[in-house]
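One structure is given below, encoded as structure tokens.
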Amino acid sequence: MSLHVASVAGAPMGRVDSVRAVAGRGLEGDRYFLRTGTYSRKDGADREITLIESEALDALSRDYGLTIDASETRRNVATRDVALNHLVGRTFRVGEATVRGLRLCEPCGHMERLCGKPVRPGLFHRGGLRAEILTDGVIRIGDPIEILEPTP
């Protein structure tokens with residue numbers, strides 16, 4: 001797992017060892033928590049925390065010959081061994097924080113421009129998950145993701 005935040009729109013995502021998730025706001029120090037993100041004017045909880053599977057980045061490299069760091073995806077949390085697409089509509093815990101998966105986080109032109117590589121085809125339906133923070137808590141590198149709801 002790796003954790004990433006950026007304080008302003010377009011700034012490189014920096015790695016952090018831990019971050020505090022705040023319900024209704026996002027991750028402390030991140031551009032959407034601070035309302036300085038590119039899409040901050042849009043209402044909705046789906047920018048509070050974003051996640052991506054490290055396996056998707058492995059597949060991007062293997063299948064498309066494109067290597068990017070997890071921070072270049074503009075996602076806050078890079079996971080391993082978690083099927084994020086299956087968490088849409090589900091409640092789960094990341095570290096001490098409880099979150100609910102809202103929708104897929106498809107790759108966009110903005111992310112593609114910032115990373116400088118044509119990654120959209122390789123990350124289509126594998127670009128991650130947008131989630132809403134339900135309860136505050138600290139997230140640390142290495143924290144497990146625990147599904148709290150049984151499979152529907």
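Heavy-atom basis, side chains included; hydrogens, waters and symmetry copies ignored.
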For this session: Check whether any side-chain heavy atom of R25 lies under 4.5 Å from a side-chain heavy atom of R20, and answer yes or no.
Result: no
Seminar exercise, completed: Heavy-atom nearest pair, A11 first then A6, reads O-CB, 3.6 Å
Exercise. Side chains of L3 and M1: closer than 4.5 Å at any heavy-atom pair?
Worked result: yes
Problem set entry | Point-to-point distance, once rounded to the nearest 0.5 Å, from CG of N85 to SG of C105 | 11.0 Å
For this session: Find the distance between OG (S7) and CG (L34) and round it off to the nearest 0.5 Å.
Result: 7.0 Å
Exercise. Do M111 and V119 have side chains that get closer than 4.5 Å, going by heavy atoms?
Worked result: yes
Problem set entry | Other cluster members, L114 - Ile/Leu/Val/Met/Phe/Trp/Tyr, side-chain contacts below 4.5 Å | none
Exercise. From R75 CZ over to L123 CG, what is the distance, rounded to the nearest 0.5 angstrom?
Worked result: 7.5 Å
Problem set entry | Test item: T67 and L60 side chains (from C-beta on) under 4.5 Å apart, heavy atoms | no
Problem set entry | Hydrophobic cluster membership, V82 vs I133, 4.5 Å side-chain cutoff | yes
Exercise. Is D17 atom CG crowded by more than 12 heavy atoms from other residues, nucleotides or ligands, each under 6.0 Å away?
Worked result: no
Exercise. So do P118 and L66 actually touch side chain to side chain, heavy atoms under 4.5 Å?
Worked result: yes
For this session: Please determine if R80 and D58 form a salt bridge, counting it only when a charged side-chain N lies under 4.0 Å from a carboxylate O.
Result: yes
Seminar exercise, completed: In terms of heavy-atom contacts, R31 and R74 come closest through NH2-O, 3.2 Å
Exercise. Are I145 and L51 side-chain neighbours, meaning at least one heavy-atom pair lies under 4.5 Å?
Worked result: yes
Exercise. Say you draw a straight line from CD of E48 to CG of L134; how long is it, rounded to the nearest 0.5 Å?
Worked result: 8.5 Å
Exercise. Nearest heavy-atom pair of A59 and R126: which atoms, and what distance?
Worked result: CB-NH1, 3.3 Å
Exercise. How far apart are the closest heavy atoms of F92 and L129, and which atoms are they?
Worked result: CZ-CD2, 3.8 Å
Exercise. Taking a hydrophobic cluster as the set of Ile, Leu, Val, Met, Phe, Trp and Tyr residues connected by side-chain heavy atoms closer than 4.5 Å, whether directly or through intermediates, do L57 and L87 fall within one such cluster?
Worked result: no
Problem set entry | Distance, nearest 0.5 Å, that separates CD1 of I49 from OH of Y32 | 14.0 Å
For this session: Kindly determine whether N76 and H4 satisfy side-chain contact (heavy atoms from CB on, under 4.5 Å), including the steps that lead there.
Result: CA-CA 5 Å; N76 301 116; H4 316 99; 5.6 Å; no
Problem set entry | Heavy-atom pair of closest approach, residues G101 and A131 | CA-CB, 4.1 Å
Exercise. Say you draw a straight line from CD1 of I139 to OG of S18; how long is it, rounded to the nearest 0.5 Å?
Worked result: 9.5 Å
Exercise. Is the shortest distance from a Lys or Arg side-chain nitrogen in E112 or K117 to a carboxylate oxygen in the other one below 4.0 Å?
Worked result: no
Problem set entry | Trace of the side-chain contact (heavy atoms from CB on, under 4.5 Å) decision for M13 with E72 | CA-CA 7 Å; M13 300 284 285; E72 292 178 280; over 6 Å; no
For this session: Go through the steps for E55 and D81 under the test side-chain contact (heavy atoms from CB on, under 4.5 Å), then give the verdict.
Result: CA-CA 8 Å; E55 293 87 349; D81 300 325; 3.5 Å; yes
For this session: State, to 0.1 Å, how close V5 and E28 come at their nearest heavy-atom pair, and which atoms those are.
Result: CG1-O, 4.5 Å
Exercise. Does the pair D69/R15 count as a salt bridge with the N-to-O cut at 4.0 Å?
Worked result: yes
For this session: Just grab all the side chain to side chain donor-acceptor pair (under 3.5 Å) pairs involving residues 134-148, residues at least two apart or on different chains.
Result: R93-E146, E96-R140, T98-T135
Exercise. side-chain contact (heavy atoms from CB on, under 4.5 Å) between T91 and V99: does it pass, once the steps are laid out?
Worked result: CA-CA 6 Å; T91 301; V99 303; over 6 Å; no
Exercise. Same hydrophobic cluster for V138 and V22, using side-chain heavy-atom links shorter than 4.5 Å among ILVMFWY?
Worked result: no
Problem set entry | Heavy-atom side-chain proximity of E53 to L84 below 4.5 angstrom | yes
Exercise. How about I52 and V77: do any of their side-chain heavy atoms sit closer than 4.5 Å?
Worked result: no
Problem set entry | Flag, side chain of S54 to backbone of T79, donor-acceptor distance under 3.5 Å | yes
